[in-house]
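Within every chain, numbering begins at 1; the chains are lettered A, B, ... in the order of the sequence lines, protein sequences first and strands thereafter. Treat the numbers as computed from the prediction; the structure is a model and nothing was measured. Heavy atoms only: backbone and side chains are in, while hydrogens, waters and symmetry mates are out.
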Amino acid sequence: MSAIEEIYQRLLAGYGHQGWWPLLDCKGTNPTKTGSVRGYHPGDYSYPQTERQRFEICVGAILTQNAAWPNAEKALLNLKSNGMLSPHAMQRAGDDTIKEYVRPAGYFNQKAKKLRIFAAFYLSLRGVVPARDGLLKVWGIGPETADSILLYAYGIPEFVVDAYTRRILISKNIIREQATYGEIKALLERELRKDYCIYQECHALLVEHAKRCYARSQYGEDALLKGLSSGEECTKKPRCHRYI
DNA sequence: AACCAGGACGTGA
DNA sequence: TCACGTCATGGT
(Lines give C-alpha, C1' and ligand atoms only; values in the text may rest on other atoms or scores of the structure.)
Protein backbone atom coordinates (compact mmCIF):
# COMPACT_ATOMS: atom_id res chain seq x y z
CA MET A 1 0.00 0.00 0.00
CA SER A 2 1.37 3.41 -0.95
CA ALA A 3 1.87 6.13 1.64
CA ILE A 4 -0.98 8.16 0.16
CA GLU A 5 -3.32 5.20 0.23
CA GLU A 6 -2.34 4.48 3.82
CA ILE A 7 -2.98 8.08 4.85
CA TYR A 8 -6.41 7.93 3.26
CA GLN A 9 -7.31 4.65 4.96
CA ARG A 10 -6.12 5.74 8.38
CA LEU A 11 -7.83 9.13 8.28
CA LEU A 12 -11.08 7.61 7.06
CA ALA A 13 -10.96 5.01 9.83
CA GLY A 14 -10.16 7.68 12.39
CA TYR A 15 -12.51 10.48 11.40
CA GLY A 16 -15.15 8.83 9.25
CA HIS A 17 -16.82 10.34 6.19
CA GLN A 18 -16.61 14.14 6.11
CA GLY A 19 -19.50 15.03 3.83
CA TRP A 20 -17.96 17.82 1.78
CA TRP A 21 -18.82 20.29 0.17
CA PRO A 22 -20.96 22.10 2.78
CA LEU A 23 -24.27 23.50 1.50
CA LEU A 24 -26.46 26.13 3.16
CA ASP A 25 -29.73 24.22 2.84
CA CYS A 26 -28.31 20.81 3.64
CA LYS A 27 -29.84 19.29 6.76
CA GLY A 28 -26.98 16.99 7.64
CA THR A 29 -24.29 17.77 10.16
CA ASN A 30 -20.92 16.26 10.91
CA PRO A 31 -20.34 16.31 14.68
CA THR A 32 -16.88 14.78 14.30
CA LYS A 33 -15.65 17.84 12.45
CA THR A 34 -13.80 20.75 13.99
CA GLY A 35 -15.24 24.23 13.55
CA SER A 36 -18.50 24.69 11.67
CA VAL A 37 -20.51 21.49 11.50
CA ARG A 38 -23.43 22.75 9.43
CA GLY A 39 -24.23 21.85 5.87
CA TYR A 40 -22.23 18.64 5.55
CA HIS A 41 -23.60 15.32 4.27
CA PRO A 42 -21.28 12.49 5.39
CA GLY A 43 -21.24 9.47 3.13
CA ASP A 44 -23.61 11.03 0.60
CA TYR A 45 -21.83 11.89 -2.63
CA SER A 46 -24.97 12.79 -4.55
CA TYR A 47 -24.50 16.56 -4.25
CA PRO A 48 -25.04 19.00 -5.84
CA GLN A 49 -28.60 17.94 -6.56
CA THR A 50 -29.76 21.19 -8.12
CA GLU A 51 -28.32 23.82 -10.38
CA ARG A 52 -28.61 26.32 -7.54
CA GLN A 53 -26.46 24.11 -5.32
CA ARG A 54 -23.91 23.74 -8.09
CA PHE A 55 -23.57 27.49 -8.39
CA GLU A 56 -23.45 27.89 -4.62
CA ILE A 57 -20.44 25.57 -4.47
CA CYS A 58 -18.65 27.59 -7.15
CA VAL A 59 -19.30 30.82 -5.27
CA GLY A 60 -18.19 29.24 -2.00
CA ALA A 61 -14.97 28.08 -3.61
CA ILE A 62 -14.15 31.68 -4.55
CA LEU A 63 -15.26 33.13 -1.23
CA THR A 64 -13.14 30.75 0.83
CA GLN A 65 -9.91 31.69 -0.93
CA ASN A 66 -7.44 32.32 1.90
CA ALA A 67 -10.33 32.75 4.32
CA ALA A 68 -11.81 30.62 7.10
CA TRP A 69 -14.95 28.77 6.02
CA PRO A 70 -17.28 30.34 8.65
CA ASN A 71 -16.45 33.74 7.17
CA ALA A 72 -17.11 32.54 3.64
CA GLU A 73 -20.36 31.03 4.90
CA LYS A 74 -21.50 34.39 6.28
CA ALA A 75 -20.88 35.98 2.93
CA LEU A 76 -22.76 33.14 1.27
CA LEU A 77 -25.74 33.69 3.58
CA ASN A 78 -25.73 37.43 2.83
CA LEU A 79 -25.83 36.69 -0.88
CA LYS A 80 -28.59 34.12 -0.52
CA SER A 81 -30.86 36.16 1.75
CA ASN A 82 -30.66 39.00 -0.77
CA GLY A 83 -31.45 36.80 -3.73
CA MET A 84 -27.97 37.19 -5.12
CA LEU A 85 -27.02 33.52 -5.21
CA SER A 86 -27.77 33.08 -8.89
CA PRO A 87 -25.53 33.89 -11.84
CA HIS A 88 -28.13 36.18 -13.44
CA ALA A 89 -28.71 38.25 -10.31
CA MET A 90 -25.00 38.40 -9.61
CA GLN A 91 -24.19 39.64 -13.07
CA ARG A 92 -26.89 42.31 -12.97
CA ALA A 93 -26.02 43.56 -9.50
CA GLY A 94 -23.87 46.60 -8.96
CA ASP A 95 -20.35 46.13 -7.76
CA ASP A 96 -20.93 47.96 -4.49
CA THR A 97 -23.91 45.74 -3.65
CA ILE A 98 -21.88 42.55 -3.98
CA LYS A 99 -19.01 44.07 -2.04
CA GLU A 100 -21.25 44.73 0.92
CA TYR A 101 -22.56 41.16 0.95
CA VAL A 102 -19.19 39.42 0.65
CA ARG A 103 -17.40 41.68 3.13
CA PRO A 104 -17.21 39.03 5.91
CA ALA A 105 -15.12 36.77 3.66
CA GLY A 106 -12.38 39.37 3.37
CA TYR A 107 -10.76 40.74 0.18
CA PHE A 108 -14.23 42.03 -0.65
CA ASN A 109 -13.09 44.27 -3.51
CA GLN A 110 -11.35 41.43 -5.29
CA LYS A 111 -13.94 38.79 -4.48
CA ALA A 112 -16.87 40.92 -5.67
CA LYS A 113 -15.08 41.35 -8.98
CA LYS A 114 -14.20 37.66 -9.16
CA LEU A 115 -17.82 36.67 -8.52
CA ARG A 116 -19.25 38.86 -11.26
CA ILE A 117 -16.66 37.68 -13.76
CA PHE A 118 -17.32 34.08 -12.79
CA ALA A 119 -21.09 34.55 -13.03
CA ALA A 120 -20.67 35.70 -16.64
CA PHE A 121 -18.46 32.72 -17.39
CA TYR A 122 -20.92 30.34 -15.72
CA LEU A 123 -23.78 31.70 -17.84
CA SER A 124 -21.71 31.39 -20.99
CA LEU A 125 -21.38 27.66 -20.31
CA ARG A 126 -25.13 27.13 -20.75
CA GLY A 127 -25.03 23.92 -18.75
CA VAL A 128 -21.91 22.50 -20.34
CA VAL A 129 -19.23 21.23 -17.97
CA PRO A 130 -16.26 23.63 -18.03
CA ALA A 131 -12.81 22.42 -19.04
CA ARG A 132 -10.02 22.88 -16.53
CA ASP A 133 -7.95 25.17 -18.73
CA GLY A 134 -11.07 27.14 -19.51
CA LEU A 135 -11.62 27.74 -15.83
CA LEU A 136 -7.99 28.72 -15.34
CA LYS A 137 -8.34 31.48 -17.94
CA VAL A 138 -11.07 33.12 -15.87
CA TRP A 139 -9.65 35.98 -13.78
CA GLY A 140 -9.78 35.00 -10.11
CA ILE A 141 -9.80 31.24 -10.69
CA GLY A 142 -6.46 29.61 -9.87
CA PRO A 143 -5.55 25.91 -9.78
CA GLU A 144 -7.11 25.11 -6.40
CA THR A 145 -10.36 26.93 -7.05
CA ALA A 146 -10.64 25.35 -10.50
CA ASP A 147 -10.15 21.89 -9.05
CA SER A 148 -12.58 22.59 -6.20
CA ILE A 149 -15.23 23.62 -8.69
CA LEU A 150 -14.63 20.60 -10.92
CA LEU A 151 -14.46 18.10 -8.06
CA TYR A 152 -17.26 19.34 -5.83
CA ALA A 153 -19.60 21.25 -8.12
CA TYR A 154 -19.32 18.89 -11.10
CA GLY A 155 -18.17 15.59 -9.58
CA ILE A 156 -15.18 15.35 -11.88
CA PRO A 157 -12.14 13.51 -10.46
CA GLU A 158 -9.63 16.37 -10.17
CA PHE A 159 -7.75 16.29 -6.89
CA VAL A 160 -7.74 19.53 -4.89
CA VAL A 161 -4.37 20.45 -3.43
CA ASP A 162 -4.48 23.03 -0.66
CA ALA A 163 -2.06 24.43 1.91
CA TYR A 164 -3.11 21.77 4.43
CA THR A 165 -2.48 18.91 2.04
CA ARG A 166 0.92 20.32 1.22
CA ARG A 167 1.81 20.76 4.89
CA ILE A 168 0.96 17.18 5.81
CA LEU A 169 2.77 15.63 2.86
CA ILE A 170 5.89 17.70 3.49
CA SER A 171 5.97 16.76 7.15
CA LYS A 172 5.59 13.11 6.24
CA ASN A 173 8.52 13.46 3.89
CA ILE A 174 6.39 12.39 0.95
CA ILE A 175 7.00 15.52 -1.11
CA ARG A 176 9.73 18.16 -1.06
CA GLU A 177 9.00 21.67 0.13
CA GLN A 178 9.42 23.11 -3.35
CA ALA A 179 6.93 20.69 -4.89
CA THR A 180 4.57 22.49 -7.25
CA TYR A 181 0.80 22.30 -7.25
CA GLY A 182 0.87 20.12 -10.34
CA GLU A 183 3.41 17.70 -8.90
CA ILE A 184 1.40 17.15 -5.73
CA LYS A 185 -1.83 16.77 -7.68
CA ALA A 186 -0.21 14.23 -10.01
CA LEU A 187 1.10 12.21 -7.08
CA LEU A 188 -2.29 11.99 -5.39
CA GLU A 189 -4.07 11.16 -8.61
CA ARG A 190 -1.55 8.43 -9.33
CA GLU A 191 -1.92 6.78 -5.92
CA LEU A 192 -5.69 7.00 -5.49
CA ARG A 193 -8.37 5.27 -7.52
CA LYS A 194 -9.74 7.71 -10.06
CA ASP A 195 -13.11 8.21 -8.42
CA TYR A 196 -14.58 11.60 -7.56
CA CYS A 197 -15.99 10.23 -4.29
CA ILE A 198 -12.54 9.16 -3.15
CA TYR A 199 -10.96 12.45 -4.24
CA GLN A 200 -13.60 14.42 -2.37
CA GLU A 201 -13.27 12.32 0.76
CA CYS A 202 -9.49 12.26 0.78
CA HIS A 203 -9.18 16.02 0.37
CA ALA A 204 -11.74 16.67 3.10
CA LEU A 205 -9.99 14.23 5.44
CA LEU A 206 -6.63 15.87 4.89
CA VAL A 207 -8.14 19.25 5.75
CA GLU A 208 -9.77 17.90 8.89
CA HIS A 209 -6.58 16.22 10.02
CA ALA A 210 -4.46 19.29 9.35
CA LYS A 211 -6.87 21.49 11.29
CA ARG A 212 -6.49 19.20 14.28
CA CYS A 213 -2.79 18.43 14.16
CA TYR A 214 -0.99 20.81 11.83
CA ALA A 215 -2.15 24.28 12.78
CA ARG A 216 0.64 26.85 12.63
CA SER A 217 0.69 27.91 16.25
CA GLN A 218 -0.90 25.05 18.15
CA TYR A 219 -0.15 21.56 16.94
CA GLY A 220 -1.38 18.24 18.23
CA GLU A 221 -0.27 14.65 18.38
CA ASP A 222 -0.90 13.31 14.91
CA ALA A 223 -1.44 9.87 16.40
CA LEU A 224 -3.39 8.68 13.37
CA LEU A 225 -0.45 9.06 11.02
CA LYS A 226 2.34 8.22 13.43
CA GLY A 227 5.09 6.06 11.99
CA LEU A 228 3.77 6.36 8.49
CA SER A 229 6.05 4.83 5.90
CA SER A 230 7.43 7.68 3.86
CA GLY A 231 7.18 7.42 0.13
CA GLU A 232 10.10 7.10 -2.23
CA GLU A 233 9.38 10.53 -3.71
CA CYS A 234 11.81 12.28 -1.42
CA THR A 235 14.42 11.08 1.03
CA LYS A 236 15.25 14.49 2.43
CA LYS A 237 14.41 15.09 6.07
CA PRO A 238 11.68 17.65 6.72
CA ARG A 239 13.06 20.94 7.91
CA CYS A 240 10.29 21.66 10.35
CA HIS A 241 10.10 18.97 13.03
CA ARG A 242 7.28 20.66 14.91
CA TYR A 243 4.85 19.09 12.50
CA ILE A 244 5.84 15.51 13.24
C1' DA B 1 -2.61 41.87 20.24
C1' DA B 2 -0.41 39.57 16.80
C1' DC B 3 -1.34 35.80 13.96
C1' DC B 4 -3.68 33.22 10.53
C1' DA B 5 -7.34 31.15 7.50
C1' DG B 6 -9.72 25.43 2.51
C1' DG B 7 -5.41 31.67 -2.81
C1' DA B 8 -4.71 34.41 -6.76
C1' DC B 9 -2.74 38.19 -9.19
C1' DG B 10 0.81 41.69 -10.48
C1' DT B 11 5.41 42.88 -10.58
C1' DG B 12 10.40 42.80 -11.08
C1' DA B 13 14.44 40.11 -11.36
C1' DT C 1 10.16 30.62 -13.82
C1' DC C 2 10.10 32.48 -9.15
C1' DA C 3 10.11 35.07 -5.04
C1' DC C 4 7.66 38.64 -2.99
C1' DG C 5 4.10 42.23 -2.04
C1' DT C 6 -0.89 42.99 -2.04
C1' DC C 7 -5.55 42.19 -0.94
C1' DA C 8 -9.13 42.37 4.21
C1' DT C 9 -12.37 40.34 7.60
C1' DG C 10 -13.13 37.74 11.83
C1' DG C 11 -11.73 34.24 15.18
C1' DT C 12 -8.11 32.66 18.66
Side-chain angles (χ1 to χ4, degrees), chain A residues 11 15 18-24 30 32-41 47 56-79 95-96 98-118 121 132-153 158-170 176-185 188 199-220 240 242-243:
Chain A
L11 295 182
Y15 299 136
Q18 295 302 299
W20 278 40
W21 188 279
L23 288 159
L24 292 178
N30 182 358
T32 69
K33 263 187 83 292
T34 58
S36 171
V37 296
R38 293 183 38 129
Y40 296 88
H41 39 89
Y47 292 91
E56 178 188 324
I57 293 172
C58 298
V59 171
I62 290 171
L63 288 175
T64 196
Q65 288 174 357
N66 203 38
W69 178 253
N71 291 344
E73 195 177 45
K74 285 173 194 160
L76 222 39
L77 272 170
N78 285 341
L79 289 169
D95 223 31
D96 294 330
I98 308 281
K99 282 183 188 176
E100 214 44 47
Y101 297 150
V102 303
R103 179 177 290 274
Y107 308 104
F108 57 87
N109 289 303
Q110 290 190 353
K111 285 179 180 174
K113 181 179 173 186
K114 289 179 182 181
L115 287 180
R116 289 215 291 95
I117 292 176
F118 179 78
F121 172 76
R132 189 171 191 271
D133 31 322
L135 276 168
L136 289 174
K137 285 177 190 153
V138 179
W139 188 88
I141 308 293
E144 184 184 338
T145 308
D147 288 333
S148 293
I149 288 172
L150 290 169
L151 181 61
Y152 290 105
E158 297 280 357
F159 202 93
V160 178
V161 179
D162 56 31
Y164 286 148
T165 304
R166 172 185 296 271
R167 205 178 299 168
I168 292 177
L169 296 186
I170 287 173
R176 58 199 170 91
E177 292 184 59
Q178 310 89 329
T180 66
Y181 185 97
E183 288 168 356
I184 303 172
K185 178 179 165 72
L188 286 153
Y199 284 14
Q200 288 183 351
E201 197 61 73
C202 187
H203 170 237
L205 285 165
L206 285 166
V207 172
E208 177 61 19
H209 186 61
K211 279 180 176 170
R212 296 189 188 211
C213 305
Y214 290 76
R216 290 273 169 86
S217 45
Q218 105 195 27
Y219 52 96
C240 184
R242 300 167 45 208
Y243 292 147

> With a non-hydrogen cut-off below 4.0 angstrom, is A:F108 in contact with a base, only sugar-phosphate, or nothing?
Replying inline: sugar-phosphate
Please set out all donor-acceptor pairs under 3.5 angstrom arising from side-chain atoms of residues 135-145 of chain A, sequence neighbours excluded.
from   : atom 1 : to    : atom 2 : distance (Å)
A:T145 : OG1    : A:Q65 : NE2    : 2.9

> Which heavy atom of A:Y181 sits nearest a heavy atom of A:R166, and at what distance?
Replying inline: N-NH2, 3.9 Å
> Regarding A:R103 and the six-membered ring of A:F108, is the cationic atom NZ or CZ under 6.0 Å from the ring centre and inside 45° of its axis?
Replying inline: yes
> Does A:K185 have any salt bridge (Lys or Arg N to Asp or Glu O under 4.0 Å) partners at least two apart in sequence or in another chain, and if so, which?
Replying inline: A:D147, A:E158, A:E189
Could you pull out all residues at least two apart from [X] that satisfy side-chain hydrogen bond (donor to acceptor under 3.5 Å, both in side chains)?
X: A:Y164; result: none
X: A:E56; result: none
X: A:Y101; result: A:N82

> Which nucleotide in the set C:dG10, B:dA5, C:dT9 lies at the smallest distance from any side-chain heavy atom of A:K74?
Replying inline: C:dG10
> Considering only the P atoms, how many Å lie between B:dG10 and C:dA8, rounded to the nearest integer?
Replying inline: 14 Å
> When the P atoms of C:dC7 and B:dA1 are considered, how many whole Å apart are they?
Replying inline: 24 Å
Could you check how far [atom1] of [X] sits from [atom2] of [N], rounded to whole Å?
X: A:Y107; N: B:dA5; atom1: OH; atom2: P; result: 10 Å
X: A:Q178; N: C:dC4; atom1: CD; atom2: P; result: 13 Å
X: A:Y214; N: B:dC4; atom1: OH; atom2: P; result: 18 Å
X: A:L135; N: B:dG7; atom1: CG; atom2: P; result: 17 Å
X: A:L76; N: C:dT9; atom1: CG; atom2: P; result: 19 Å
X: A:F118; N: B:dG7; atom1: CZ; atom2: P; result: 17 Å
X: A:N78; N: C:dT9; atom1: CG; atom2: C1'; result: 12 Å
X: A:Y164; N: B:dG7; atom1: OH; atom2: C1'; result: 13 Å

> Can a side chain N or O of A:R167 be found less than 4.0 Å away from OP1 or OP2 on B:dC4?
Replying inline: no
Strictly under 3.5 Å: I want the nitrogen or oxygen pairs between protein and nucleotides 8-13 of chain B, one per line.
from   : atom 1 : to     : atom 2 : distance (Å)
B:dA8  : OP1    : A:G142 : N      : 3.2
B:dA8  : OP1    : A:G142 : O      : 3.3
B:dA8  : OP1    : A:E144 : N      : 3.3
B:dA8  : OP1    : A:T145 : N      : 2.7
B:dA8  : OP1    : A:T145 : OG1    : 2.6
B:dC9  : OP1    : A:G140 : N      : 2.7
B:dC9  : O3'    : A:W139 : NE1    : 3.1
B:dG10 : OP1    : A:W139 : NE1    : 3.2

